[in-house]
Amino acid sequence: LKRRTFMAAAAACMLMSPIAHAEYKAEYTVSTVLPSAFPWGQAADKWVELVKERSEGRINMKIYSSAQLVSGDQTKEFSAMRSGLIDMSVGSTINWSPQVPELNLFSLPFLMPDHASIDAITQGEAGKAVFAAIEKRGVTPLAWGENGFRQLSNSKLKVDEPSDLQGLKIRVVGSPLFQDTFTALGANPTQMSWADAKPALTTGAVDGQENPLSVFDVARIDQVGQTHLTRWGYMADPLVFAVSTRVWRQFSPEDQQLLQQAAIDAGKWEIEKSRAELEATLAKIKERGVEVTDLTPEQHAAFVEATRSVYEKWTPRIGEELVKQAQDAVANR
Ligand code: X2X
């Protein structure tokens, strides 16, 4: 009898222990824009897999790609997470920048010349400041991933100087900074979601677009007439693994730690993988007959000069101090 009482007490204890957390949802929604065929989707897959494994099935996440939880409007993802409509996300800094102005940092033309610069920013003081800005707005950021350096494609001509862009209709993401950058270059930018981008390229409603090589490759942008590609690397969009703060608070400290470590590991894995694949991706794109243009230092300088006004206009909106921290990180990388 004594033994039985002990067992019952132990069982009751287990039920009440923080590990049981009966109030957890059966499944947490994870929003992404790009699905599993892309590095972005793979980053989310990895996170979900690691969390499931390490929590021994206690925490289950389900990915909804193509921004379907916000009807394809990727610029609404952050607000939906903040309000708790979406539990978690692996999202691009570009898509969240309308709600978090500091995220425009990464879109400043030619701020980051290489991968080491991205890392110097995200892994340093500037990265911490960016995470604090996200946190302040009701979303808890956990780790960094990478969509990548965005390269310019079009169906009309080889682009190696700003004047080549004169009058070209370019699809850009729904962020005002992009509108400014392409306007400064003399192009005719049109904001639209990713869902609308490929149809617009197909019909010729737009002449060009900008996205990382992996996106150009997997989405087969070459098949919709995009035969010219310029590797100008004018900006790169990191991905952020994040949880709605309302949802975050419901997890035990141990599980918060588990979720964050899994995001860090998934992000590192995805960043390494997507960088390692770049050369092969480039070769594949060339094999498909796309004309790939690299800029000479002089041509590069002309693009920097042509977009300087955008850099200057947006610096105060992002925050002078944050931009300075990022510039220092790049200089000292
Ligand atoms: O819409 C795009 O271009 C994409 C898929 O790269 C982003 O979501 C930023």
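FYI, the numbering just counts along the sequence from 1.
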Give a yes or no on whether a salt bridge exists between [X] and [Y], defined as a side-chain N under 4.0 angstrom from a carboxylate O.
{"X": "E321", "Y": "K324", "answer": "no"}
{"X": "K313", "Y": "D180", "answer": "yes"}
{"X": "D265", "Y": "R54", "answer": "yes"}
{"X": "K273", "Y": "E270", "answer": "no"}
{"X": "K156", "Y": "D164", "answer": "no"}
{"X": "E146", "Y": "R275", "answer": "yes"}

How about [X] and [Y]: does a side-chain donor come under 3.5 Å of a side-chain acceptor?
{"X": "Q209", "Y": "S153", "value": "yes"}
{"X": "E161", "Y": "S163", "value": "yes"}
{"X": "Q74", "Y": "S193", "value": "no"}
{"X": "R171", "Y": "T190", "value": "no"}

Any chance the rings of W144 and F131 have centres within less than 6.0 Å?
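Ring centroids of W144 and F131 are less than 6.0 Å from each other.
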Kindly state whether the ring of F110 and the ring of Y311 have centres lying under 6.0 angstrom apart.
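Centroid distance F110-Y311: not below 6.0 Å, so no.
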Please step through ring pair (Phe, Tyr, Trp, His ring centres under 6.0 Å) for the pair W232 and Y234, ending with a clear verdict.
CA-CA 5 Å; W232 63 341; Y234 79 126; 4.1 Å; yes
Hey, is the main chain of [Y] close enough, under 3.5 Å, to the side chain of [X] for a donor-acceptor pair?
{"X": "S92", "Y": "L239", "answer": "no"}
{"X": "T29", "Y": "D87", "answer": "yes"}
{"X": "Q226", "Y": "D207", "answer": "yes"}

